[in-house]
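Numbered from 1 within each chain, the chains take letters A, B, ... in sequence-line order.
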Protein chains: 2
Amino acid sequence: MPMTPSSDNHDPAPGAGERERQSDAAYRRIKGSIVDGTFPPGLQMLEPELALKLGMSRTPVHEALVRLQDEGYVEIVPRRGMRVSALSPRDIREITEVLACFEVEAAERAAARRVAPEELAALDDAIAAMDRALEAQDLDRWNEADFRFHRLLIECSGNRHLIETAHRFLDKANRYRTLTTAHRLPPVYSNVNHAAVVEAIRRGDPQSAAEIHRAHKRRWLRELSDILARLGVAPDAGSTR
Amino acid sequence: MPMTPSSDNHDPAPGAGERERQSDAAYRRIKGSIVDGTFPPGLQMLEPELALKLGMSRTPVHEALVRLQDEGYVEIVPRRGMRVSALSPRDIREITEVLACFEVEAAERAAARRVAPEELAALDDAIAAMDRALEAQDLDRWNEADFRFHRLLIECSGNRHLIETAHRFLDKANRYRTLTTAHRLPPVYSNVNHAAVVEAIRRGDPQSAAEIHRAHKRRWLRELSDILARLGVAPDAGSTR
DNA sequence: ATGTGCTACAATGCACGCATTGTTGAGCTT
DNA sequence: AAGCTCAACAATGCGTGCATTGTAGCACAT
């Protein structure tokens, strides 16, 4: 069950010859289960239960849970164990907004500095993959390529603190990625915009890069609002806690 | 020694009637010591040593260290205990950039929504306090008020995820706050700009709010570059890890 | 004398146990 | 019968011990 099927998260990965700490394994596996939906929002689990399932003692599990709580994935309820945090429409919109903010900044910074050709090529690759996936109507592939594009774009900023934090938000966004993707229109505009952003970065035009991506994200936020309204409650309903 | 003199960090605070967990206390106290400079960058300490100093067992200390490592405050070196992370000029610039990005977004969002009058009043208060501190040439008071202003501005965004993350960065920025404040010119422009931003928020003008703050932050980043160049090495020297 | 290998020690991750505390259910009272 | 109180249990935080592992110092060989 906890096999993290096509898990996209960028966590250190088990490492090749290195042995992973149990605590890190617990962190990675629990987070993976939450992101890929194996642990749905609201799920409650006791520490001993988790420890048994993960085949380790309570100590590393406890440590992992505290870390996950720090990142907002779970809430530790005094006597009921961990509870997987809910993802309200408000949370989804807020996370998307923060991510948009990061990416606009990244696009601007990327255009303002000298970006390695390999990085630009990788961006092109991701866009090409999205195009192909779009034609084949393969949502999974499109998701993967879109995720890759955003990851790369952020990395092009050259700001390690931004990269670190934005990647954390990308992981969080993956919790609702499939949800929203399934309900959005065919994302043809995405690819056109992404290509335009890369073009602006390539010719070193920070103003355009930022503005194009900002406009794109604004459109996406509006579409997201529609999707959320259609999917659930009122446009600005739930609260997480 | 670990008395967190005028510690500005916003961590849950010991809580009144609530009893604090040892693990949280360790996290808070160690982080406080790092932020206020009691634990200078590069300092190495062993877990048993820390546990002794904090009057608790190794378990909660270990947990706290892992959390602090997640946030970039320390690095856990396999056999040498924790080491307080260095703060290179590059780190300082990057953190400042991310923070600027957050605040511009916050200013824009604040102007775009209905901000409670009390929040606006609190912002005015902070600006007034900065003015007074500036006249009295009291850097400590100015620092406190400036920190308060930025905190409040971020909170006005209404985006809880942005608030959470930006506050984490504010804490990080406090590690070098006194350092840079001591070396900057009297920050008269700051107050004028801050007042202009609040004014734009008050009259609900997102465009202006964002643009004014963006320009202000750009100026500050340039001044910061000068300070860093004057203080130390080359404009883009060190690397953290 | 210097370089290399071995040994002893110390730090760390994790398992386990204990004390604490909150919760649940049962029994009693009104 | 319903509500309240109390007692037993279970989860959790933390302290402690053990096994592992990396390091440093010493001795030996060249």
Side-chain angles (χ1 to χ4, degrees), chain A residues 2 11-31 33-34 39 42-85 241, chain B residues 2 11-31 33-34 39 42-85 241:
Chain A
D11 293 308
E18 292 289 330
R19 192 153 70 263
E20 188 181 24
R21 285 183 305 180
Q22 307 256 64
S23 159
D24 289 337
Y27 172 83
R28 199 175 38 77
R29 292 175 64 184
I30 298 172
K31 178 174 165 184
S33 293
I34 294 175
F39 288 179
L43 177 76
Q44 298 206 18
M45 262 184 112
L46 267 21
E47 283 185 15
E49 208 177 336
L50 261 174
L52 186 70
K53 192 188 284 269
L54 296 175
M56 59 182 76
S57 167
R58 280 174 33 231
T59 308
V61 172
H62 181 72
E63 201 179 290
L65 288 181
V66 173
R67 290 165 68 188
L68 288 167
Q69 186 180 38
D70 269 356
E71 291 193 68
Y73 283 102
V74 305
E75 297 153 47
I76 298 179
V77 199
R79 217 65 183 178
R80 322 302 274 268
M82 64 149 235
R83 187 178 57 198
V84 177
S85 296
R241 43 186 71 168
Chain B
D11 292 310
E18 291 290 329
R19 190 152 72 262
E20 189 182 24
R21 285 182 306 180
Q22 305 257 67
S23 158
D24 289 336
Y27 172 83
R28 198 174 40 77
R29 291 175 63 183
I30 298 172
K31 179 174 165 184
S33 294
I34 294 175
F39 289 179
L43 175 76
Q44 297 206 19
M45 264 185 112
L46 268 20
E47 284 184 12
E49 208 178 334
L50 261 174
L52 186 69
K53 191 188 283 270
L54 295 175
M56 59 182 78
S57 169
R58 281 173 33 231
T59 308
V61 172
H62 181 72
E63 200 178 290
L65 288 182
V66 173
R67 290 166 69 187
L68 287 167
Q69 186 181 38
D70 270 357
E71 290 193 69
Y73 283 102
V74 305
E75 297 152 47
I76 297 179
V77 200
R79 217 64 182 180
R80 322 304 272 267
M82 65 149 234
R83 188 177 57 198
V84 177
S85 297
R241 43 187 71 171

In whole angstroms, how far is the [atom2] atom of [N] from the [atom1] atom of [X]?
| X | N | atom1 | atom2 | answer |
| --- | --- | --- | --- | --- |
| A/Glu47 | D/dC14 | CD | P | 11 Å |
| B/Leu52 | C/dT12 | CG | P | 14 Å |
| A/Arg80 | C/dT21 | CZ | C1' | 14 Å |
| A/Ile76 | D/dC14 | CD1 | P | 11 Å |
| B/Leu46 | C/dT12 | CG | P | 5 Å |
| A/Arg21 | D/dG22 | CZ | P | 14 Å |
| B/Gln22 | D/dT16 | CD | P | 12 Å |
| B/His62 | C/dA15 | NE2 | P | 12 Å |

Would you state whether a donor and an acceptor, one from the side chain of [X] and one from the base of [N], lie under 3.5 Å apart?
| X | N | answer |
| --- | --- | --- |
| B/Arg58 | C/dG13 | yes |
| B/Arg79 | C/dT12 | no |
| B/Thr59 | D/dG15 | yes |

Secondary structure of DNA chain C per the Watson-Crick/G-U criterion (both distances under 3.5 Å; [ ] crossing, | other strand, . unpaired) is ||||||||||||||||||||||||||||||
Any non-hydrogen side-chain atom of A/Tyr27 less than 4.5 Å from a side-chain atom of B/Val66?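 SC-SC contact between A/Tyr27 and B/Val66 ruled out.
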Worksheet entry | Check: A/Asp70 and B/Asp70 side chains under 4.5 Å, non-hydrogen atoms | no
Checklist entry - Of the options A/Met82, A/Arg67, A/Lys31, which is the one that meets A/Tyr73 in a side-chain contact (heavy atoms from CB on, under 4.5 Å)? => result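 The single option meeting the side-chain contact (heavy atoms from CB on, under 4.5 Å) with A/Tyr73 is A/Lys31.
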When rounded to the nearest 0.5 Å, the distance separating CG of A/Asp24 from CD of A/Glu63 is 8.0 Å
